[in-house]
Undergrad: 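Before I ask anything, here is the structure I am working with.
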Amino acid sequence: MALTVYDLWKSYHEKLDTEVTLSGWVRTSRTSKSFGFIELNDGTHFKNIQVVFGENLNNFDEISKISLGSSINVNGKLIKSPGDKQPFEISASSIEILGFCDPEFPLQKKRHSPEYLRTIAYLRPRTNLFRAVFKVRSLLAFAIHKFFTEKNFVYVHTPIITGSDCEGAGEMFGVSTLDMNNPPRTEDGKIDYSKDFFGKQTNLTVSGQLAVENFCMAFRNVYTFGPTFRAERSNTQRHASEFWMIEPEMAFSDLNDNMDTAEEMVKYLIRYVLENAPEEMEFFNQWVDKGLLERLNFLLNSDFGRVTYTEAMDALIKSGKQFDYKPEWGIDLQTEHERYLTEEVYKRPVFVTNYPKGIKAFYMRMNDDGKTVAAMDLLVPGVGEIIGGSQREERLEMLEKRITEMGLKKEDYWWYLDLRRYGTNKHCGFGLGFERMVMYMTGVENIRDVIPFPRTPKNAEF
RNA sequence: GGGAGCUUAGCUCAGUCGGUAGAGCAACUGGCUGUUAACCAGUUUGUCGGGGGUUCGAGUCCCUCAUCUCCCGCCA
């Protein structure tokens, strides 16, 4: 394979004073009358390589005026740099323009606002910020598989098109091939989905959890990692219509095992990225969030907080702070409450456990007090809720009772209920919002800026 | 789904009391023998988001539509 920028940064010592050939894009250029500098990058490494050129080039005039974004091929000698900003550089003997970049190119040699860059999402991966973000996103995805594989978890591909019509995790996008202008109707005038592609109403998945629980009962420790879809009209910095989720599920385990795994995983992911993307992380620390590295390193060396919902509510009430929503046992934690807890009270990630049953899903295990369920949310400073999980209700009678209480139909969950008939056991799992992890890792504040082509209400451009 | 704010040059933004359009950067031209978001000099750039209204006169005030952003709800 051809030499890359990555190769040179890793082993330039060995190649000093040898002839090299390198292709890439012009990131910036600075020229004088008889010489000039080009910062070259081919995307394989965060840092650029400086190319020095002089009047010995047969196309010196053309190269002097080269526009930012053009792709070039450079031949020259790798030498120690006289400048102190870089240890080495290429002294060019020839430079070929492979693809000229039109001066209309919208990316300039200056900072652009993230809002503007969203309007040119097809070009933004060429900026420093987005190259760093998407490199970290890639590393995080790999680290997730690495973590679970090392722990002997089995990766399960749960379906993206689902036929279970009430997963209870949010509004769903329908999947249909019916003619929307003239759909078949049943006798009572409703749309007749028995005529649809799958012979029933189907949707894009909102969670792989119910499906992955089945594999949990076969492999003990499993996880899914894939796209999920929510048709909520959420207009916030941390919600997207299409996002990725990691959902591990563990048999013969309880809520404490669940939190232990979640904490170990989050720390593993952070450590992996810090070790494998030091340049990108330094960039975030300098330009996006000044306290990022300090906060992440502190986190690695501390235990996450663990409090019950009841204790958290007491802390909110006792704080005396004026909230828009008055804290009171039984209400769900509002965003302002969550942020206050993780950012002001504990100043680190904190698990909140054992929520009132009325505000949580039907499958969460009823505690002995009859009032709370074995749920846990992980709140982190700056992002808020990053993980939601629970110990699952393993007792058939109790699960049926909860389904009825919540106004759901047992028939819709017949195969899920069967798990409680065929060798049931206490088990647990959680969902980690992948993008929220990327946000926490990079300090980037808007979920639209950690997804290559984000989908949000009224926006599916590119 | 509820609420608030924004929209002025390619980008980032200023525009006073309602009086007829500005800066920096970019681009372009020229200069410069080691630059580091290079520097210096000059030149070019406008449907002031769309529509309507008030007024002698609207970027500025009012109505309306749209976009974007932020907050809340939903959740990851």
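Numbers restart at 1 for each chain; the letters A, B, ... are given by sequence-line order, proteins then strands.
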Undergrad: Tell me the interatomic distance from F35(A), atom CZ, to G31(B), atom P, rounded to whole angstroms.
TA: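 Atom CZ in F35(A) sits about 15 Å away from atom P in G31(B).
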Undergrad: Counting only side-chain nitrogens and oxygens, does R30(A) get under 4.0 Å of the OP1 or OP2 atom of U36(B)?
TA: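 It does not, given that no N or O in the side chain of R30(A) lies less than 4.0 Å from OP1 or OP2 of U36(B).
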Undergrad: Tell which nucleotide pairs with C25(B), taking only Watson-Crick or G-U wobble pairs whose two distances are both under 3.5 angstrom.
TA: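 By the stated definition (distances under 3.5 Å), G10(B) pairs with C25(B).
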Undergrad: Quick one: label N446(A) by what it contacts on the DNA or RNA (base, sugar-phosphate, nothing), any heavy atom closer than 4.0 Å.
TA: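 Answer is sugar-phosphate: N446(A) comes under 4.0 Å of backbone atoms only.
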Undergrad: Just how far, in rounded Å, is C1' of C6(B) from OH of Y116(A)?
TA: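 Atom-to-atom, Y116(A) to C6(B), this comes out as 18 Å.
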Undergrad: Take the protein atom CG of D332(A) and the nucleotide atom P of C75(B), then report the distance between them rounded to whole Å.
TA: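 Checked: the CG to P distance equals 7 Å.
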Undergrad: Using the aromatic ring of F243(A) (for Trp, its six-membered ring), decide whether it stacks on the base of A76(B) within the limits of 5.5 Å and 30°.
TA: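 Whether judged by distance or by angle, F243(A) passes, so it stacks on the base of A76(B).
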Undergrad: Take the protein atom CZ of F37(A) and the nucleotide atom P of A37(B), then report the distance between them rounded to whole Å.
TA: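 Atom CZ in F37(A) sits about 13 Å away from atom P in A37(B).
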Undergrad: Determine the contact category for R111(A): base if any of its heavy atoms lies under 4.0 Å from a base atom, sugar-phosphate if only primed atoms, P, OP1 or OP2 are that close, otherwise nothing.
TA: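 Since a base atom lies under 4.0 Å of R111(A), the category is base.
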Undergrad: Applying the Watson-Crick and G-U wobble criteria at under 3.5 Å, what pairs with C39(B)? Answer none if nothing qualifies.
TA: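 Partner of C39(B): G31(B).
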Undergrad: Please state how far atom CG in N48(A) lies from atom P in A37(B), giving the value in whole angstrom units.
TA: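 For the pair N48(A) CG and A37(B) P, the rounded distance is 11 Å.
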Undergrad: With P as the reference atom in both, quote the distance from U64(B) to C72(B) in angstrom, rounded to an integer.
TA: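 U64(B) and C72(B) have their P atoms separated by 27 Å.
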Undergrad: Quick one: do K347(A) and E343(A) make a salt bridge, cutoff under 4.0 Å?
TA: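 No.
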Undergrad: Using a 4.0 Å heavy-atom cut-off across all strands, classify Y325(A) as base, sugar-phosphate, or nothing.
TA: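 Sugar-phosphate, no base atom in range.
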Undergrad: Can you tell me how far C1' of C75(B) sits from CH2 of W244(A), to the nearest Å?
TA: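 Nearest whole value for this atom pair: 19 Å.
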Undergrad: Write down the distance between CZ (R233(A)) and P (C70(B)), rounded to a whole number of angstrom.
TA: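 Distance, rounded to whole Å: 19 Å.
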